[in-house]
Amino acid sequence: MEIKLLSEHYDKKEFQSLQGYKKYGGYETLKKAFSMKPEQIISEVKDSGLRGRGGAGFPTGMKWSFLPQNGEPRYLLCNADEGEPGTFKDRLMMERAPHQLIEGMIISAYAINSAKSYIYVRGEYNYPIKVLETALREAYDSGLLGKNILGSGFNHDMDVYRGAGAYICGEETGMISSLEGKKGQPKLKPPFPAIKGYLGKPTIVNNVETLAAVKYIIRDGAKAYRKHGTEKSAGSKLFSISGNVNKPGTYEVALGYPLMDLINNECGGMKNGRKLKAVIPGGSSAPILTAEEVQKTTMDYECLAQMGSMLGSGAIIVMDDSNCMVDLLKVTLHFYHHESCGQCTPCREGTGWIHKIVSNIVSGEGRLQDIDLLEKISKQMMGRTICALSDAAAMPTLGFITKFRDEFEFYVREGRSKVKEVMAHA
Amino acid sequence: MFKLSDEGVAYVKKELERYETKRSAIIPCLYRVQSENGGWVSPESINYLSELMDLPVAWINEVFHFYTMFNKEPVGKLHVQVCNNITCCMLGARELTEHISKTFEMGIDELSKDGKITLSKVECLGSCDTAPMMQINDSYHENLTPESAVKIIKDMVHGN
């Protein structure tokens, strides 16, 4: 069953404007937050069990508590560089409920004592950027941003920064490099951004959905938020569902929700009544699940880790039996090869190499030993680079070739797909 | 010689003041150059921008080359970018791309004969629930078929 927390008012056009947002209690939570001490907000967020909704799932309250207490200015950076293939939930939130994000950000900024924040939005999101800019203007005009917000004595400035087309800028240190006006190349950690981030200053980077959730945690309290979800995966989550289902879209459910229920109930089942073949549960970096595995999957951090995959950004790609796995791995690897920033050898060389091998198989020029070679290279690409992009290419590769090995072997032997005619040249 | 309009120069001055460091203004200013230069960033405009911003040309080049949204060569008035990532490919993006390519007789990243259209394949645009989809200049076009995509492009070429 869907839960309407973050997505409650998505269907109302007026919710986009400040006036409309206020009709549904908008910015009342901010007033409540100002009546609390910053430490109380941080502990409420810690108690809520909220974990980062962008992909890594790191506990938000804990991330905030890493900030050094040395009086240096802190920055809050909202990660709206939604680029993980299959993910579109943040775009919808920025378009439908921009003030919900802004309110969550002001509360978060107050909690961590930050005077300046940026919303870093991917460059392609032209419309969401326009909506956010309008919303920010409204917020400034109503004294919700700037000096002495609502008479609280708290000052905060917020701005939108438009990226320019680079998946790697969704990695938090890559995003910081980009905001500094450089190539979006990730930096070695430690030091983590909370210690040394934007311009070398302590910086907290949180996803759009995470920051919006903070508003609801402060509005209803940590206990109420925890009523949804499981013990270790608390709260609700926005899932972006696409592929061969009848009703693709964004759905908000409690963490721990059965994946099959999402497909059958929320998404109206498989399109054209075809058979389920596989599901990518957390964006294209997450190892694929077979139809059999999908039956026992619940959508929470623990279950997906147990299944050898991950919840990631909550992007679910549903595939029916008309899909060729060799072909789809080629498409996926083209992406990672294209997006590698080129800093680290295992990633720069590895993503290109495995993409070429799979392309050769698709062209009918594969050799049986290529499948083992794919496995060997993928394993060497993992855990050896500055950021996780290399792993993000290697993990799905291992998933595809392990779980659908027969399709890869068939393709090599016969020089064609077991499933369908593939556009080898495209 | 490339030069920004007076409004463009004022925009650059404002962006230089907007962030903590001048360097952060490079991305927004490159966007401005691109839009005033017919959709791409020429080598001479990079030198011009470097002087205008008083920043090393290497810094501008670094940003220009890294990000895909800055066009390295001239593009048509309509830049048709078809998402060719996983969900879109599952739902026919490649067949759609090929249909556009054949209809307008142009290859990928090439200009159409009349110079009005450039066709590109791009990575996930975050609109997978409406796949297949494409972006033309700044706007998204969703739930496409090969025929509807061609019709949209033709209508735009004819200025409707």
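The chains referred to below are lettered A, B, ... by the order of the sequence lines, with proteins before strands, and numbering in each begins at 1.
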So how far is it from A:Asn323 CG to B:Cys89 SG, rounded to the nearest 0.5 Å? 10.5 Å
Nearest non-hydrogen partners of A:Ala166 and B:Tyr67, listed with the distance: CB-CD2, 3.9 Å
Has B:Lys116 got more than 12 heavy atoms of other residues, nucleotides or ligands less than 6.0 Å from its NZ? no
Might you point out which heavy atoms bring B:Phe66 and A:Gln185 nearest each other, and give the distance in Å? CE1-CG, 4.1 Å
For A:Asp159, is it the side chain, the backbone, both or neither that has a heavy atom under 4.5 Å from a heavy atom of chain B? side chain
Portion of B:Glu98 that has a non-hydrogen atom of chain A nearer than 4.5 angstrom: side chain
Considering only heavy atoms, which portion of B:Glu62 lies under 4.5 Å from any heavy atom of chain A: side chain, backbone, both, or neither? both
First locate atom CD of A:Glu84, then atom CG of B:Asn85, and finally report the distance between them rounded to the nearest 0.5 Å. 9.0 Å
When every non-hydrogen atom of A:Tyr161 is compared with those of B:Ser24, the smallest separation belongs to OH-O, 2.7 Å
Tell me if the NZ atom of B:Lys72 is crowded by more than 12 foreign heavy atoms within 6.0 Å. yes
Is it the side chain or the backbone of A:Cys169 that comes within 4.5 Å of chain B heavy atoms, both, or neither? side chain
A:Val318, part contacting chain B, at a heavy-atom distance under 4.5 Å: backbone
Residue pair B:Ile26 / A:Gly181: nearest heavy atoms and the distance that separates them: CD1-O, 4.0 Å
Which bit of B:Leu91 comes within less than 4.5 Å of chain A, counting heavy atoms only: side chain, backbone, both or neither? side chain
Nearest heavy-atom pair of B:Gln135 and A:Glu124: which atoms, and what distance? NE2-O, 3.5 Å
Just verifying a value: how many Å separate A:Arg162 CZ and B:Ile27 CD1, rounded to the nearest 0.5 Å? 10.0 Å
N-O pairing of B:Glu20 and A:Lys116 below 4.0 Å: yes
So, the part of A:Tyr167 with a heavy atom under 4.5 Å from chain B: the answer is neither
Among B:Ser139, B:Ala131, B:Ser127, which residue has the highest count of heavy-atom pairs closer than 4.5 Å to chain A? B:Ser127
Does a salt bridge link B:Asp138 with A:Lys130, judged by any charged N lying under 4.0 Å from a carboxylate O? no
Testing the basics here: between A:Leu328 and B:Met90, what is the closest heavy-atom pair and its distance to 0.1 Å? CD2-CG, 3.7 Å
Of A:Gly163, A:Ser284, A:Ser322, A:Ser240, the largest count of non-hydrogen pairs under 4.5 angstrom with chain B goes to A:Gly163
Checking A:Tyr127 side chain against B:Tyr140 main chain: does a donor-acceptor pair fall under 3.5 Å? no
So which of B:Asp129, B:Leu125, B:Thr21 has the biggest tally of heavy-atom pairs under 4.5 Å with chain A? B:Asp129
Gap separating the CD1 atom of B:Ile86 from the CE atom of A:Met319, nearest 0.5 angstrom: 4.0 Å
Checked A:Gly342, A:Gly83, A:Ala315, A:Gly184 vs chain B; the most non-hydrogen pairs under 4.5 Å come from A:Gly184
Top contributor to chain B contacts, counting heavy-atom pairs under 4.5 Å, from A:Lys182, A:His338, A:Glu180, A:His334: A:Lys182
Contact origin within B:Lys22 toward chain A - heavy atom pairs under 4.5 Å: neither
Spell out, as yes or no, whether a donor-acceptor pair under 3.5 Å connects the side chain of B:Thr87 to the backbone of A:Gly243. no
Output, in order, the C-alpha distance, side-chain angles, deciding distance and verdict of side-chain contact (heavy atoms from CB on, under 4.5 Å) for A:Met423 and B:Thr97. CA-CA 12 Å; A:Met423 289 174 74; B:Thr97 312; over 6 Å; no
By a 4.5 Å heavy-atom criterion (distance strictly below it), what part of A:Ile241 contacts chain B: side chain, backbone, both, or neither? backbone
Counting heavy-atom pairs under 4.5 Å to chain A, which of B:Leu30, B:Ile60, B:Val63 comes out on top? B:Val63
Straight-line distance of A:Leu199 CG to B:Tyr19 OH, nearest 0.5 Å: 13.0 Å
Value for CZ (B:Arg94) from CG (A:Asp327), rounded to nearest 0.5 Å, stands at 4.0 Å
